[in-house]
Structures are given as C-alpha cells and as structure tokens.
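The structure appears right after this line, and notes come after that.
Remember, it's 1-based here, ligands and their atoms both numbered in the order they're listed.
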Amino acid sequence: ERLNTELEDTNRGVVALYAELDGRAEQLRQASELKSRFLSNMTHEFRTPLNSILALSRLLLDRVDGPLAPEQERQVSYIRRSAESLTELVNDLLDLAKVEAGKLEVQPGLFTVSELFGALRGMMKPLQQNQAVELVFEEPYGLPPLMTDEAKVAQILRNLISNALKFTERGEVRVSARLERPGQVIHFVVADTGIGIAGEFHEVVFQEFSQVANRLQGQAKGTGLGLPLSRRLAELLGGTLTLRSAPGAGSTFTLSLPAAPAAASGVSPAGAAQ
Ligand code: ADP
C-alpha cells in the first residue's frame, strides 16, 4: 500500500517535471526566435545607411567632382574600408540569423570544381598582398561535377582562404579538392603555412565572436563570425568543417560535402556524379 502511494507520488512528480520542461523548452524556442527576428530586422536596418556611405565614398574616390587632396583621399579611403568591413559583419550576422532560424535556403546546381576554383582565383588574388605568400589552386583532375549550392561552397572557401592569407606571413596557401570513394564525399582543403592554432582553441574558433589570434598577436581584425558561419553553412549543405593545426605548423581546414546530395537537390545523384 505504502509502496503504491509512493509510486503514484513519483509518477505525479515525473509528469509535473515533464510539463515544466515542456514549458521551458517552449520559452527557449520563443526566445531564440525573438533573437533571430531581432538580428535579422536590425541587420536589414543597418544595410541601407551603410550602402549610402559605401556608394558615396566610392563616388568621392572615383573623383567624379575633381581630385581630392591626398589627406582627404586617405580619409575617404578609411571611411570606405570601415563601411566595407561593417557591411561584411552585417552580412555575416544576417546569414547566421537566417541559418539559425532555418531560413537560409540551399540552392543546388551542377558545377565543376575547375570553374569554382577559377572564379575563386580571380576573386582572391587581390587579397594576396604579401609577396612572401603564394596562393595556389591545385588543378582538380578527374573530379565529377558536383550537385550542391555553389554560392555557399564559394562563400565558405572565400572565408577560409582570406583567413589563411591573413594569418600567414610566408610560404603558401594551398587550395585543393579530392573525392573520397566509395563514400562519394568531396573534401575541399585550404592549407596554410601560417601561425597555426593551438589545440585548446580548435573548438573555440568556431564559436561566435572568438578571435584567438587577437589575443596572441594583439591585433584587431575581422569579425570572429567567419568560421562559425562557415561551419553552419557546411552543416546546412549536409557536410562538416574541420580543422587540423598546431602553433607554428600552419592550419588545414577541410570542408567535406556529400558529392551529390540527392535528397536536398531532388536530382538523381547518378547523373550528377558520373
Ligand atoms: P575573423 O577571421 O573575422 O577574426 P573567424 O571566425 O574567421 O573570424 O576566425 C576566428 C579566429 O580563428 C581568428 O580571429 C583567428 O584567431 C583564428 N583563425 C582562423 N583562421 C586561421 C588560420 N588560417 N590560421 C590561424 N588562425 C586562424
């Protein structure tokens, strides 16, 4: 009899606990939705004035109304660069908010790695300002065309390559791709000979607003959003983004993706992977 009463009490306790947990989960979900909505509204509001600042500073620098004095030109360049990095931050924030809210869509298409590397080479070359660092794209021989979201793959690789160039003083930044059979997983690899990242920071760098090297080097650059966003994008594409690195030994970031994610694309993987 006593045992029964105790059991019933326990049962009631468990039920109440579940109800409370449910309530908490709902509260958390609402809070998280509110956060996403706030972030995306806010970033939208930031964009309009930023675009004016950018457009007008470019106009001034293009000297439509006659040449600027050297000092003015320096100042306007600074305004433009600041507006550019703020735009980058706002875009990254908006993308992060969208991924978290499940609102960033995958837009699959068929493309070759050669084409992708060609486009990236053109885009990234201007960033390679240090003569002591070479940016190398390995020609991807024998890779089948891929069926995935090319713009998002390019966005991730741009992030990785610009980081690699930023944190490498001499040597090279090497971009390559290889197919893993029989899993049909494509690995994109961005390897640098830069300062490297200590093991204790390997997870930290994927967290929002973390800038390890700033602590190491005492320099403030970037937003600390590039890697977290890149990892979320990789996951959105059904893949992973991993890091192998040691201080002084360079860093290797690997983006691994299903070579033909048929489920996401609705297109037969057989056709895409031949
Ligand atoms: P950001 O580059 O804008 O600071 P990221 O999220 O892209 O933000 O990178 C976070 C931090 O990870 C960087 O500030 C840096 O400390 C470290 N990091 C990223 N890529 C590299 C790299 N290739 N080599 C060394 N450190 C890196």
Side-chain angles (χ1 to χ4, degrees), residues 39 43 46 50 80-100 104 117 120-121 123-130 132-138 151-177 187-237 239-256:
L39 265 180
T43 44
F46 269 120
L50 265 177
R80 194 195 58 188
R81 273 202 308 279
S82 304
E84 277 168 357
S85 59
L86 204 52
T87 306
E88 207 177 297
L89 171 64
V90 163
N91 286 338
D92 281 359
L93 266 177
L94 192 61
D95 277 355
L96 256 179
K98 278 194 197 151
V99 190
E100 281 182 10
L104 203 64
F117 279 8
L120 282 173
R121 189 182 285 121
M123 238 181 282
M124 303 313 288
K125 275 285 176 202
L127 286 187
Q128 185 203 358
Q129 276 158 0
N130 178 353
V133 180
E134 201 185 348
L135 175 58
V136 184
F137 285 85
E138 273 181 25
K152 293 194 177 61
V153 175
Q155 188 178 356
I156 298 168
L157 291 178
R158 273 204 312 274
N159 259 331
L160 298 179
I161 296 167
S162 74
N163 273 348
L165 289 171
K166 204 155 69 177
F167 297 106
T168 304
E169 276 160 343
R170 68 186 73 83
E172 64 169 27
V173 171
R174 177 171 289 265
V175 187
S176 59
H187 301 285
F188 290 98
V189 181
V190 178
D192 66 52
T193 55
I195 61 170
I197 302 168
E200 64 202 281
F201 297 122
H202 283 192
E203 276 311 307
V204 177
V205 292
F206 289 103
Q207 288 161 14
E208 290 158 37
F209 300 112
S210 62
Q211 294 183 315
V212 176
N214 293 347
R215 263 175 269 154
L216 295 176
Q217 301 181 320
Q219 54 168 247
K221 265 190 199 166
T223 62
L225 285 179
L227 286 179
L229 177 60
S230 297
R231 180 169 265 180
R232 300 302 290 263
L233 289 174
E235 287 164 358
L236 189 69
L237 300 179
T240 57
L241 178 60
T242 55
L243 159 64
R244 214 156 31 87
S245 180
S251 306
T252 300
F253 285 87
T254 304
L255 167 67
S256 305

Query raised in the report: Between Leu104 and Leu233, is a side chain to side chain contact (heavy atoms under 4.5 Å, CB included) present by the stated rule, with each step listed?
Result: CA-CA 9 Å; Leu104 203 64; Leu233 289 174; 3.5 Å; yes
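Atom CZ of Arg244 sits in a sparse spot, with 12 or fewer heavy atoms from other residues, nucleotides or ligands closer than 6.0 Å. When the shell of 6.0 Å around CZ of Phe206 is examined, it contains more than 12 heavy atoms from other residues, nucleotides or ligands.
Near Lys166, with a cut-off below 4.0 Å to any heavy atom, the atoms of ligand 1 are 1 (P), 2 (O), 3 (O). Within ligand 1, the atoms closer than 4.0 Å to a non-hydrogen atom of Pro228 are 6 (O), numbered from 1 in the order shown. Residue Val205 has at least one heavy-atom neighbour below 4.0 Å for each of these atoms of ligand 1: 12 (O), 17 (C). Within ligand 1, the atoms closer than 4.0 Å to a non-hydrogen atom of Ala164 are 23 (N), numbered from 1 in the order shown. Near Leu227, meaning under 4.0 Å from one of its heavy atoms, ligand 1 places the atoms 5 (P), 6 (O), 7 (O), 9 (O), 12 (O), 19 (C). Those atoms of ligand 1 that come under 4.0 Å of a heavy atom in Ser251, given as number and element, are 22 (C), 24 (N), 25 (C). The distance from ligand 1 to the heavy atoms of Leu225 drops below 4.0 Å at these ligand atoms: 6 (O), 8 (O). For ligand 1, the atoms closer than 4.0 angstrom to any heavy atom of Ile197 are 18 (N), 21 (C), 25 (C), 26 (N), 27 (C).
Of the listed options Asp192, Leu165, Asn163, Asn163 places a heavy atom closest to atom 19 (C) of ligand 1.
The shortest distance between side-chain heavy atoms of Leu120 and Arg158 falls below 4.5 Å. The shortest distance between side-chain heavy atoms of Asn163 and Phe253 does not fall below 4.5 Å.
For the atom pair CG of Leu255 and NZ of Lys152, the computed distance is 13.5 Å after rounding to the nearest 0.5 Å.
Checked by distance only, ligand 1 and Phe253 stay at 3.5 Å or farther apart across all their nitrogen or oxygen atoms.
For residues 197-207, every residue pair satisfying the side chain to side chain donor-acceptor pair (under 3.5 Å) rule, not counting sequence neighbours, is listed here: Glu203-Arg231.
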